[in-house]
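Take a look at the structure below.
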Amino acid sequence: MKNWLMKSEPDAFSIDDLKKAGTEPWTGVRNYQARNFMRQMQPGDRVFFYHSSTAVPGIAGLGTVASAPYPDPTQFNRKSHYFDPKATREQPRWDMVDVRFERKFGNVLALSTLKANEDRLEGFGVLQRGSRLSVMPVTTAQARELLKMAEENDGQ
DNA sequence: GCCAACGTTGGC
DNA sequence: GCCAACGTTGGC
């Protein structure tokens, strides 16, 4: 099982929205590096759900990859904001997975907390300079620390 | 709203 | 292939 971090702006789609939806198709990723990571995903992989562009950015909870990668249908939809005129059904450009809600942290594991514990998270993507990727791999060691930090952060 | 960092586009 | 211009991301 691999671990991943996926970003979302909570104004657009939050951990609460994922909880309500149960499972959500993760449409709209239009960055090749992020797409390539999604292509490596397998059902059962763990997802750290990150809230970006918000008052308290950070990891809000956990999800699970709930499908194999498949073509993002919004790339074919002229009316979609994510329409890509260069994509065809024969040769899709953009892939995605479904993500299922797992649990919401009691408290958001804030970016400021992650930064304060940088020594426990060597090489963690979110803390790398200039990192803007919306989908990133998380190592097993980082995942273990993040889960521990989430527990500490929730006062357990 | 600002701005640094980065990706993409397109002229040459 | 270079690189300026432009667009986007995302913290602050």
Side-chain angles (χ1 to χ4, degrees), chain A residues 2-21 24-41 45-65 69-99 101-139 142-143 145-150 152-154:
Chain A
K2 290 187 173 153
N3 295 280
W4 307 94
L5 180 136
M6 298 174 89
K7 294 181 186 173
S8 179
E9 299 187 15
D11 287 349
F13 190 78
S14 70
I15 188 81
D16 291 320
D17 293 325
L18 183 61
K19 183 175 185 177
K20 236 177 285 172
E24 182 75 6
W26 206 270
T27 57
V29 172
R30 293 294 179 269
N31 171 287
Y32 289 108
Q33 230 182 319
R35 178 205 65 182
N36 292 342
F37 285 136
M38 284 203 294
R39 284 181 171 173
Q40 297 172 33
M41 290 182 178
D45 284 357
R46 182 191 284 121
V47 174
F48 290 87
F49 192 112
Y50 184 91
H51 281 177
S52 65
S53 293
T54 187
V56 183
I59 300 171
L62 300 175
T64 308
V65 174
Y70 62 99
D72 179 344
T74 62
Q75 70 192 305
F76 309 124
N77 181 357
R78 261 168 207 297
K79 289 177 181 163
S80 168
H81 176 247
Y82 299 119
F83 176 65
D84 183 344
K86 291 178 184 162
T88 64
R89 292 196 183 268
E90 294 70 34
Q91 284 198 301
R93 282 185 140 191
W94 306 109
D95 292 314
M96 47 167 264
V97 296
D98 295 342
V99 176
F101 176 79
E102 203 59 43
R103 69 186 172 92
K104 179 184 176 180
F105 292 159
N107 300 302
V108 173
L109 183 53
L111 177 61
S112 57
T113 306
L114 299 175
K115 283 180 176 170
N117 291 277
E118 195 165 9
D119 54 329
R120 295 169 60 179
L121 296 168
E122 197 178 347
F124 186 50
V126 169
L127 300 180
Q128 300 306 300
R129 180 165 169 274
S131 155
R132 297 178 317 170
L133 269 185
S134 63
V135 178
M136 293 185 287
V138 175
T139 67
Q142 289 163 358
E145 286 305 313
L146 289 172
L147 293 173
K148 222 184 289 177
M149 288 169 57
E152 293 163 10
N153 199 45
D154 286 346

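Below, chains carry the letters A, B, ... as their sequence lines are ordered, and counting in each starts from 1.
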Could you grab the distance from atom CE of M136(A) to atom CD of Q33(A), nearest 0.5 Å is fine?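 One gets 10.0 Å once the value is rounded to the nearest 0.5 Å.
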
In this structure, how many angstroms lie between the [atom2] atom of [N] and the [atom1] atom of [X], rounded?
{"X": "D11(A)", "N": "dG11(C)", "atom1": "CG", "atom2": "P", "result": "13 Å"}
{"X": "L114(A)", "N": "dC12(C)", "atom1": "CG", "atom2": "P", "result": "11 Å"}
{"X": "K115(A)", "N": "dC12(C)", "atom1": "NZ", "atom2": "P", "result": "4 Å"}
{"X": "L133(A)", "N": "dG7(B)", "atom1": "CG", "atom2": "C1'", "result": "10 Å"}
{"X": "D84(A)", "N": "dT8(B)", "atom1": "CG", "atom2": "C1'", "result": "12 Å"}
{"X": "Q33(A)", "N": "dG7(B)", "atom1": "CD", "atom2": "P", "result": "7 Å"}
{"X": "M6(A)", "N": "dG10(C)", "atom1": "CE", "atom2": "P", "result": "13 Å"}
{"X": "R132(A)", "N": "dA4(B)", "atom1": "CZ", "atom2": "P", "result": "14 Å"}

Touch class at under 4.0 angstrom, heavy-atom based, for S53(A) against every strand present: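 Base contact.
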
Look at the side chain of Y32(A) and decide which nucleotide, out of dG7(B), dT8(B), dG11(C), has an atom nearest to it.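 Output: dT8(B).
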
Hey, which sits more toward the 5' end of DNA chain C by its nearest nucleotide, H81(A) or L111(A)?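 Going by which nucleotide is closer to the 5' end, it is H81(A).
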
When the aromatic ring centroids of W26(A) and F49(A) are compared, is their separation below 6.0 Å?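 Close enough - the centres of the two rings lie under 6.0 Å apart.
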
How far apart are the closest heavy atoms of K7(A) and S52(A), and which atoms are they?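 The pair with the smallest heavy-atom distance is CB-OG, 4.4 Å.
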
Any side-chain N or O of K7(A) below 4.0 angstrom from OP1/OP2 of dG10(C)?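 Yes, such a contact exists.
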
Contact under 4.0 Å: R129(A) side-chain N or O vs dA5(B) OP1/OP2: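 So the side-chain polar atoms of R129(A) do come within 4.0 Å of the phosphate oxygens OP1 or OP2 of dA5(B), strictly under.
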
Between K115(A) and E118(A), is the closest basic N to carboxylate O distance under 4.0 Å?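 No, this pair does not count.
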
